[in-house]
2 protein chains.
Amino acid sequence: MAGAAGDRVSHVRRRRRPTRSGTLLSAELIVDCALRLIGEHGPEALSVRRLGAALGCDPSAVYRYFHNTDDLLLAVADRIIGDSMDGFVPGPDWVASLREMALRVRDSYRAHPRAAVLASYRVTRRENEFRAVETGVGILVRAGFEPARALRLYLAFIDTVLGHAALDAAALALSPAQREGDSQASTRAYQSVSAETYPLLAAIREDLYALAESSFEPALELMLSALAAQAPARPGA
Amino acid sequence: MAGAAGDRVSHVRRRRRPTRSGTLLSAELIVDCALRLIGEHGPEALSVRRLGAALGCDPSAVYRYFHNTDDLLLAVADRIIGDSMDGFVPGPDWVASLREMALRVRDSYRAHPRAAVLASYRVTRRENEFRAVETGVGILVRAGFEPARALRLYLAFIDTVLGHAALDAAALALSPAQREGDSQASTRAYQSVSAETYPLLAAIREDLYALAESSFEPALELMLSALAAQAPARPGA
DNA sequence: AGCCTTATGTCAACACCATTGACGCAAGAT
DNA sequence: ATCTTGCGTCAATGGTGTTGACATAAGGCT
């Protein structure tokens, strides 16, 4: 049960004691700091020790607010999910609305890759997610789908988006060493494609840079076109 | 450097020295052992020290075969990909062939959920991955797509499949404590759907069990229908 | 057959990590 | 003014990946 809001250690702070360096700790502040650390110095910069150093407190003070690092990362993930749908209202064009939803999720993930990778594993089934489901299903229902079918299609859609967003985020979350390794391996692989073993790949050798790029947009458009094709003719349209 | 097949440390073994306990090491054997460790004792059981213990050798011997643990992890990922595509030959129906590819990948991930989660977000750029790309692009080319477009569409398709497979695997890979937490959150959420805040969800309350299910198949069918719709009329068809 | 190179298994050490239990200070209640 | 206890601090434990020096035997070469 690591992660539920009520489970956070000492959820209501009764006594607030400043750290040695004078700052007042809080769960919010720690999440802020974690996001900042990840954003500024890469995903591997997030450790309890560094967190303590950045916060100006002993590393173990973090455990007064979160059970463990997984708990902390879930809190970070929750913050990201809440932020992504913030202020979103569907427009009249249902396909465009779904597209915007997808891009919002993707951008939010890309903004916090490391936490996003962790978030994508755990479907939260919490407030923010239900709001998103209600919104998304609403878009499809207004497009003319039966409610139950709208739910199924929405789930297929959003899981696809989440999967791709996670893949994108994972690529960004790679440590510099891994990233370099990937790129070196790529260039070498491009050159070593032989016409004998891989005739097709050899024939489109100059297009192979696509291997290193995100396929989020093409996949999104395929998905949207499939949904559009299945939309029933609306009585009011 | 991590990654390409030719980059593996001492790719061709010239001298084979048994370990203290008598086993003959090999990259294959190490990958086998890693998969077994992860499968039996969870993803966190994979460490160089445990690997050494399980193999009956000094932990550092692993570094004679892989540059680092990331390198090893990529090899594990490539093994999973290779297993899934093993013995696959595309049939005459290109849509059915793509479907089979997707289901094979999904099954392979589900067979090694924890390893899949560890590895799924990495592009291995190793032998097996290239074989899969060659195969998949070939299917689309024979369906009538231009090679470059076939590559783009294949990547969008396979990334979607990988993303969903990873989500499925992640659900299977949750630790018991985490799984219980998720299920508790789910049931609580089902009950708390109120008609006021979520009128749509309340209306389809009996369909909400879909939230807990995989959306792999619906998403796959949407994707396939989109591809089928975009296929050019084949001269020979 | 016997030497020599060197691949490869072993050992010890380093620097980092998360997590925990004891300790003590001071905030806030009584 | 005293007492309780939340919470920041300290020290310690046992884990991690990775590296460099070392030893030993495998297998090519003469």
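A note on names: the letters A, B, ... follow the listed sequences, proteins ahead of strands, and every chain is numbered from 1.
Between the side chain of A:R64 and the base of D:dG8, at least one donor-acceptor pair of N or O atoms lies under 3.5 Å.
For residues 20-35 of chain A, the pairs satisfying salt bridge (charged side-chain N to carboxylate O under 4.0 Å, His left out) are A:E28-A:R79, A:D32-A:R79, with sequence neighbours left out. Residue pairs meeting the side-chain hydrogen bond (donor to acceptor under 3.5 Å, both in side chains) criterion with at least one member in residues 153-164 of chain B, sequence neighbours excluded: A:T160-B:H164, A:H164-B:T160, A:S215-B:D159.
A:C57 SG to A:L24 CG: the interatomic distance, rounded to the nearest 0.5 Å, is 11.5 Å. Note that CG of B:L201 and CG of A:L151 are 7.5 Å apart. Values are rounded to the nearest 0.5 Å. Atoms CZ and CG, from A:R50 and A:L37 in turn, are 8.0 Å apart once rounded to the nearest 0.5 Å.
The interatomic distance linking B:L55 (CG) with C:dT10 (P) rounds to 10 Å, in whole Å. A:L25 has its CG atom 17 Å from the P atom of D:dG6, to the nearest Å. Note: CD1 (B:I30) to P (C:dG9) measures 8 Å, nearest angstrom. In this structure, B:L29 atom CG and C:dG9 atom C1' are separated by 14 Å, rounded to whole Å. B:Y65 has its OH atom 18 Å from the C1' atom of D:dT19, to the nearest Å.
Scored by the side chain to side chain donor-acceptor pair (under 3.5 Å) test, A:S60 finds A:D58 as partners (sequence neighbours excluded).
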Table please: side-chain donor-acceptor pairs of residues 99-106 of chain B below 3.5 Å, with sequence neighbours left out.
from, atom 1, to, atom 2, distance (Å)
B:R99, NE, B:E221, OE2, 2.9
B:R99, NH2, B:E221, OE1, 3.0
B:E100, OE2, B:R104, NE, 3.0
B:R104, NH1, B:S84, O, 2.9
B:R104, NH1, B:D86, O, 3.1
B:R106, NH2, B:E217, OE2, 3.0

Report all interatomic pairs (protein N or O, nucleotide N or O of nucleotides 25-28 of chain D) with separations under 3.5 Å.
from, atom 1, to, atom 2, distance (Å)
D:dA26, N3, B:R15, NH1, 3.2

Using a cut-off of under 3.5 Å, enumerate the N/O to N/O pairs linking the protein to nucleotides 18-20 of chain C.
from, atom 1, to, atom 2, distance (Å)
C:dA18, OP1, A:V48, N, 3.0
C:dA18, OP2, A:V48, N, 3.0
C:dA18, N7, A:R49, NH1, 2.5
C:dA18, N6, A:R49, NH2, 3.3
C:dT19, OP2, A:Y63, OH, 2.8
C:dT19, OP2, A:T69, N, 3.1

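Side chain of B:T23 to backbone of B:L55: a donor-acceptor contact under 3.5 angstrom is found.
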